[in-house]
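Taking it in order: structure first as structure tokens, then the write-up.
Proteins come first, then strands; the chains are lettered A, B, ... in the order of their sequence lines, and each starts at number 1. Computed over heavy atoms, backbone and side chain alike; hydrogens, waters and symmetry mates excluded.
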Number of protein chains: 2
Amino acid sequence: MENVRELFQIMTRRFGFLNKNCCSAGGCDISLVQSHILYEIDRQHQPSIQQVAEALGTDITTFSRQIQSLIKMNLVKKSPDPNDRRVYVLSLTTEGKYVATTIDQQCNAYLAEIFSHMNDFEKETVIRSIKLLNEAMSKSSLCCSTPIG
Amino acid sequence: MENVRELFQIMTRRFGFLNKNCCSAGGCDISLVQSHILYEIDRQHQPSIQQVAEALGTDITTFSRQIQSLIKMNLVKKSPDPNDRRVYVLSLTTEGKYVATTIDQQCNAYLAEIFSHMNDFEKETVIRSIKLLNEAMSKSSLCCSTPIG
DNA sequence: CTCTTATACTTGCAATTTGCAAATAAATCG
DNA sequence: CGATTTATTTGCAAATTGCAAGTATAAGAG
């Protein structure tokens, strides 16, 4: 088998660049990390701080401060969980939702451009492959989860 | 088309975790960034500092200091380029080569474990798909290159 | 050849980001 | 109720970052 890691490494690096290129929306520049946070809050349903931190594999203290920044920027809202008063539930503000959506559209536009270099069959194959990969990775609890988790 | 970005985002995040889990070799712990640098120096043939920095999309001043750390750790060697005395050529020390190789093996072992959840056909399809993706991404100069480059 | 410009790399900051240890606050368990 | 666990926040101190400015070499113009 050829060097599979090489293939992954190059691909994820390129996708990382793509993400970095999609970090502003309507005059609002955010960092790559912040973009990931907005994405994850948007994806999960009213997640707690802990949940998002774990999903992204960041230290929770670091994450707590990142959230504080995003709240100051008026992109994220933090509401106390009525069921457990230790917990704060995160959600996007209208502005945050707008930024997240815009970034998502930019990313998807870039991806569409990438796929335009393939025919329909190749494109379908690639998308199906990534789904397969994600399933396989989720089955493998050995790795691919947070470093210390 | 479903949300393709979602698929990519999850996959690359997981692969990022995998990489983070592969950051030590024989008692030598390095950071994720340092692991990427070793990987890239190993991959390129006697690259200059500039070349590696560009490949990884890091600011060159930051990168210069990262290299200094790796030299102190005795993992990287910096030799003046005889053809152009402004340039320093990077290479791995024996120890650096050992660390890079060990990390590479760990990553590939994890990947093999992931692929063990698939049959041979699926596995071949996935690998071929990633190659396709890499080709398509390299054709697309729109994105996927360094943010400011 | 000299002067200007361009290139490769390094250093001086200053801001940001990081994570560990410890603190607070609330839930849960015995 | 007291002890333990869990969720989040703060106090640091270290590491990482990037811009601006510096050094050193190369290349091009006159």
Side-chain angles (χ1 to χ4, degrees), chain A residues 16-17 19-21 23-24 28-38 40-41 44 46-73 75-91 146-149, chain B residues 16-17 19-21 23-24 28-38 40-41 44 46-73 75-91 146-149:
Chain A
F17 290 153
N19 261 326
K20 259 195 203 169
N21 280 318
C23 276
S24 62
C28 175
D29 282 332
I30 60 177
S31 75
L32 185 60
V33 174
Q34 290 172 335
S35 148
H36 285 317
I37 295 174
L38 292 189
E40 194 58 25
I41 293 178
Q44 293 192 31
Q46 301 260 333
S48 71
I49 293 182
Q50 185 112 257
Q51 282 169 331
V52 183
E54 176 137 354
L56 297 175
T58 345
D59 182 89
I60 193 164
T61 68
T62 303
F63 192 77
S64 170
R65 273 178 269 243
Q66 285 278 7
I67 291 295
Q68 287 169 31
S69 307
L70 288 167
I71 290 172
K72 265 187 208 148
M73 296 166 77
L75 299 175
V76 168
K77 203 175 57 178
K78 200 177 78 172
S79 327
D81 183 336
N83 301 321
D84 186 338
R85 285 198 291 171
R86 291 170 304 180
V87 178
Y88 285 93
V89 151
L90 300 175
S91 57
T146 57
I148 307 171
Chain B
F17 291 153
N19 261 326
K20 258 195 202 167
N21 280 318
C23 276
S24 62
C28 175
D29 282 331
I30 61 177
S31 74
L32 184 60
V33 174
Q34 290 171 334
S35 147
H36 284 316
I37 295 174
L38 292 188
E40 195 58 26
I41 293 178
Q44 294 192 31
Q46 302 260 333
S48 72
I49 293 182
Q50 185 112 255
Q51 283 169 332
V52 182
E54 176 138 355
L56 297 175
T58 348
D59 182 89
I60 194 165
T61 68
T62 303
F63 191 77
S64 171
R65 274 177 269 243
Q66 285 279 7
I67 291 296
Q68 287 170 30
S69 306
L70 288 167
I71 289 173
K72 264 187 207 147
M73 297 165 77
L75 298 175
V76 168
K77 203 174 57 177
K78 200 177 76 172
S79 327
D81 183 334
N83 302 321
D84 186 338
R85 285 197 292 171
R86 292 169 303 179
V87 178
Y88 285 94
V89 150
L90 300 175
S91 57
T146 57
I148 308 171

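When distances run from any side-chain atom of B:Gln50 to the nucleotides D:dT25, C:dC9, D:dG18, the shortest one goes to C:dC9. Listed nucleotides C:dA27, D:dT16, C:dT18 differ in distance to A:Gln66; the shortest reach to its side chain belongs to C:dT18. Each of D:dT25, D:dC19, C:dA27 was ranked by its minimum atom distance to the side chain of B:Arg86; first place goes to D:dT25. The side chain of A:Tyr88 approaches D:dT8 more closely than any other nucleotide in the set C:dC20, D:dG18, D:dT8. In the set C:dT10, C:dA27, C:dC20, the nucleotide with an atom closest to the side chain of A:Asp84 is C:dA27. The side chain of B:Arg65 lies closest to C:dT11 when the candidates are C:dT11, C:dG19, C:dA27.
One can place CG of A:Leu70 at 16 Å from C1' of D:dT9, the figure rounded to the nearest angstrom. Atom CG of A:Leu56 is separated from atom P of C:dG19 by 12 Å (rounded to the nearest Å). Atom CG in A:Asp59 sits roughly 13 Å away from atom P in D:dT8 (whole-Å rounding). Between A:Arg85 atom CZ and C:dA26 atom C1' the separation is 7 Å, expressed in whole Å. The separation between B:Leu32 atom CG and D:dT16 atom C1' is 13 Å, rounded to whole Å. Taking atom NZ of residue A:Lys72 and atom C1' of nucleotide C:dT17, one finds them 14 Å apart after rounding to whole Å. Taking atom CG of A:Leu90 as the reference point, atom C1' of D:dT9 lies 14 Å away to the nearest angstrom. Nucleotide C:dA8 holds its P atom 14 Å from the CG atom of B:Asn83, rounded to whole Å.
Residues A:Ile37 and A:Leu56 share a closest heavy-atom pair of CG1-CD1, 3.7 Å. Closest non-hydrogen pair, B:Ile71 versus B:Val76, comes out as CG1-O, 3.5 Å.
Of the two residues contacting DNA chain C, namely A:Pro82 and A:Thr58, the nearest-nucleotide position lying further toward the 5' end is that of A:Thr58. Annotation: of the two residues near DNA chain C, A:Ile60 and B:Ile49, the 5′-most nearest-nucleotide partner is B:Ile49.
Side-chain N/O atoms of B:Ser48 and base N/O atoms of C:dC9 include no donor-acceptor pair closer than 3.5 Å. A donor-acceptor contact under 3.5 Å is not formed by the side chain of B:Thr61 with the base of C:dC9.
More than 12 heavy atoms of other residues, nucleotides or ligands lie within 6.0 Å of CZ in A:Phe63, so this atom counts as buried by the packing criterion.
B:Gln51 places a side-chain N or O within 3.5 Å of a backbone atom of B:Ser48 that can act as its donor or acceptor partner. Between the B:Gln44 side chain and the B:Ile41 main chain, no donor and acceptor come within less than 3.5 Å of each other.
The side chain of B:Thr62 places an N or O atom within less than 4.0 Å of a non-bridging phosphate oxygen (OP1 or OP2) of D:dG18. Within the 4.0 Å cut-off from OP1 or OP2 of D:dA7, not a single side-chain nitrogen or oxygen of A:Gln51 is found. Within the 4.0 Å cut-off from OP1 or OP2 of C:dC9, not a single side-chain nitrogen or oxygen of B:Gln68 is found. Regarding contacts with the backbone of C:dA8, every side-chain N or O of B:Lys78 stays at 4.0 angstrom or more from both OP1 and OP2.
No side-chain N or O of B:Gln50 forms a donor-acceptor pair with one of B:Glu54 less than 3.5 Å apart.
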